[in-house]
Amino acid sequence: MADPKGFLTTPRETAPTRPVAERKQDWNEVYVPGGLLPIISQQAGRCMDCGIPFCHNGCPLGNLIPEWNDYAFREDWKAASERLHATNNFPEFTGRLCPAPCESACVLGINQPAVTIKNVEVTIIDKAWDSGDVTPQPPDRLSGKTVAVIGSGPAGLAAAQQLTRAGHTVAVYERADRIGGLLRYGIPEFKMEKRHINRRIEQMRAEGTKFRTGVEIGRDLDGAKLRKRYDAVVIAAGATQWRDLPAEGRELRGIYQAMEYLPLSNKVQEGDFVTPPITAAGKHVVVIGGGDTGADCVGTAHRQGALSVTQLEIMPRPSDDRPAHQPWPTMPMTYKVTSAHEEGGERVYAVNTVKFEGDEDGNVKALHLVEVAFQDGKFVPQPGTEKVIPADLVTLAMGFTGTDQKNGLAEQLGLELDDRGNVARDKDFATNVEGVFVAGDAGRGQSLIVWAIAEGRSAARAVDRFLTGTSILPAPIRPTDRPLTV
């Protein structure tokens, strides 16, 4: 146990952020560089080394949290990094982007603020990179087997790295011009600087993984031909079919999906544009959708110089504290203030957009809203609550409904889909087509980054067994496993 009295004597302290006025002027990460290091050893000492550490159950990766907390408390950063990498290929991604279901399941969190597990995690991996402890791990020998991975998000990258280290020759196909999937073009720079992705890609290249960008399987390369070329295929193309809002006036200019808007600001950071083709500068911005993607749109609009930013959510405002019907150790739906929300704007709950109003040139200029109440399983408009708000730019951030079915991949391979629009798979992550497996959101549906990495690792084991008859690769989850929710 790190500090037997740590959870009693040390209050929870989280990563310090830069002043709002400062960080809104740039695209760097919002946290104070190096701000965690002076406090994180004591924070790690708050871990109680529980008899049954439920943080393991909250995290689908099965992260060995009490172990690396103990090493962090003792400032044995190399050992902490080894324990961290034992279950997680990319802790610098999860440490920045995961909503931390492990903290919701922390035993200390029953009656006190939970251990800052996420902050400890990101400190360990950042120290490991700075110390040179993260090095390529190429295989001792090659198997002679080849694997194609479709998609370079966290699931695809995790599967590719595991299979490469197992000795297979792996090529990752990505339809965008750079590797990373939504990590690259869906996550704003202020949440995770892309240098973290770049150095992982270089590590994977040194291990032997091949990358093919600008190739969309289904359109640029026939899926059936790809299958014949490789001994196995892993589909990790994500759940990219976005949910739309078929309200009157949807055809007006100035209304975009979040994934049409966010990647352009990231391309500015990559040097592709001086200014993005879609910008919030000088505009009244409305973001429809109250989740993380919506918050990303809010923070992006602030940095682009929006006149005002309003975020709409059809659900009622969550409570500040854990609801009674969502008991520990589940991940509760509570009111969250992200760094983007700290920077300004208005959040409006329990409203529905009934109409987009345009000007004489066909551009959106306003939204017609009505308050709603959730009754008998549906949202019921409340008479007399109608209102109109200005809107020069609208982004739709209402989630995703399944994997892309328009590019021809599923049809070319003859893949079966489930009733939610995901690629169907069996208990071994295998599709109905021999040698074709599916990992991540393409098979699970829209989920968290930790689930994507866990799926990639588990699917890699299934592929390894398919190719060699056996495998020593870990498989932290099954395709049917679900988060700790009510």
Side-chain angles (χ1 to χ4, degrees), residues 186 188 239-265 276-302 304-318 333 335-338 340-341 343-402 421 446:
T240 57
Q241 191 64 43
W242 50 56
R243 183 176 285 108
D244 213 322
L245 182 59
E248 180 183 348
R250 173 62 180 88
E251 74 285 353
L252 292 168
R253 289 190 296 272
I255 305 171
Y256 302 95
Q257 288 285 345
M259 287 302 120
E260 295 175 305
Y261 170 63
L262 291 173
L264 297 176
S265 66
I278 303 172
T279 179
K283 297 177 181 178
H284 296 289
V285 178
V286 177
V287 179
I288 301 179
D292 288 339
T293 303
D296 293 344
C297 292
V298 170
T300 299
H302 287 320
Q304 291 178 345
L307 283 179
S308 68
V309 182
T310 305
Q311 186 176 15
L312 308 179
E313 169 59 59
I314 197 170
M315 298 295 292
R317 183 190 184 280
M333 294 292 292
Y335 182 71
K336 297 176 182 177
V337 179
T338 71
H341 297 130
E343 294 162 2
E346 182 182 5
R347 304 168 76 178
V348 182
Y349 289 89
V351 293
N352 187 32
T353 301
V354 295
K355 178 184 176 182
F356 298 100
E357 181 182 341
D359 62 19
E360 59 276 9
D361 296 320
N363 301 304
V364 67
K365 71 172 186 179
L367 265 64
H368 292 245
L369 310 177
V370 64
E371 293 181 13
V372 294
F374 192 67
Q375 299 171 355
D376 299 324
K378 59 183 179 181
F379 295 100
V380 180
Q382 302 299 292
T385 63
E386 298 84 359
K387 62 180 177 179
V388 180
I389 62 172
D392 306 310
L393 173 65
V394 178
T395 61
L396 307 179
M398 303 183 298
F400 303 88
T401 60
Q446 182 182 356

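What's counted below: heavy atoms across the whole structure, side chains too, no hydrogens, waters or symmetry copies.
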Side chains of V309 and H302 in contact at under 4.5 Å (non-hydrogen atoms): yes
All pairs passing ring-ring contact (aromatic ring centres under 6.0 Å, His included) where residues 362-392 contributes a residue, at least two apart: F374-F379
Non-hydrogen side-chain atoms of M259 and T293 separated by less than 4.5 Å: yes
Least distance between heavy atoms, P318 atom then M333 atom: CB-O, 3.8 Å
E260: salt bridge (charged side-chain N to carboxylate O under 4.0 Å, His left out) partners, not counting sequence neighbours: none
Reported NZ-to-CG distance for the pair K355 and L252, which is rounded to 0.5 angstrom: 10.0 Å
Between CD on residue Q311 and CD on residue E313, distance to nearest 0.5 Å: 8.0 Å
Reported SG-to-CD distance for the pair C297 and Q257, which is rounded to 0.5 angstrom: 9.5 Å
Q304 side chain reached by P276 side chain, heavy atoms, under 4.5 Å: yes
Nearest-0.5 Å distance, OH of residue Y256 to CG of residue L262: 13.5 Å
Student check: side-chain heavy atoms of V351 and V370 closer than 4.5 Å: no
Exercise: identify the closest heavy-atom pair between A340 and V298: O-CG1, 3.9 Å
For R250, salt bridge (charged side-chain N to carboxylate O under 4.0 Å, His left out) partners two or more places apart: D244
L264 and T279: CA distance, side-chain angles, deciding distance, side-chain contact (heavy atoms from CB on, under 4.5 Å) verdict: CA-CA 9 Å; L264 297 176; T279 179; over 6 Å; no
Separation of L312 CG from M398 CE (nearest 0.5 Å): 11.0 Å
4.5 Å side-chain heavy-atom contact, P381 and E371: no
Test log, rule side-chain contact (heavy atoms from CB on, under 4.5 Å), inputs T310 and V348: CA-CA 7 Å; T310 305; V348 182; 4.0 Å; yes
Results of salt bridge (charged side-chain N to carboxylate O under 4.0 Å, His left out) for R253 - residues two or more places apart only: none
Note, T353 side chain near I288 side chain (heavy atom, < 4.5 Å): yes
Intermediate values then yes/no, side-chain contact (heavy atoms from CB on, under 4.5 Å), F400 and Q241: CA-CA 5 Å; F400 303 88; Q241 191 64 43; 5.8 Å; no
N/O donor-acceptor pair under 3.5 Å between Q375 side chain and A373 backbone: no
Distance in Å, E346 CD paired with H341 NE2, rounded so as to fall on 0.5 Å steps: 12.0 Å
Minimum side-chain heavy-atom gap D392-V285 below 4.5 Å: no
Nearest atoms (heavy-atom pairs only) where A247 meets V354: CB-O, 4.0 Å
Within-4.5 Å side-chain heavy-atom neighbours: I389 and L369: yes
Qualifying ring-ring contact (aromatic ring centres under 6.0 Å, His included) pairs with a residue from residues 345-365, counting only residues at least two apart or across chains: none
Atom of I255, atom of G249 and distance for their closest heavy-atom approach: CD1-O, 3.6 Å
Contacts of type salt bridge (charged side-chain N to carboxylate O under 4.0 Å, His left out), residue K283, not counting sequence neighbours: none
Closest heavy-atom pair and its distance - S308, H284: OG-ND1, 2.7 Å
Heavy-atom closest contact (T300 atom, P188 atom, distance): OG1-CG, 3.9 Å
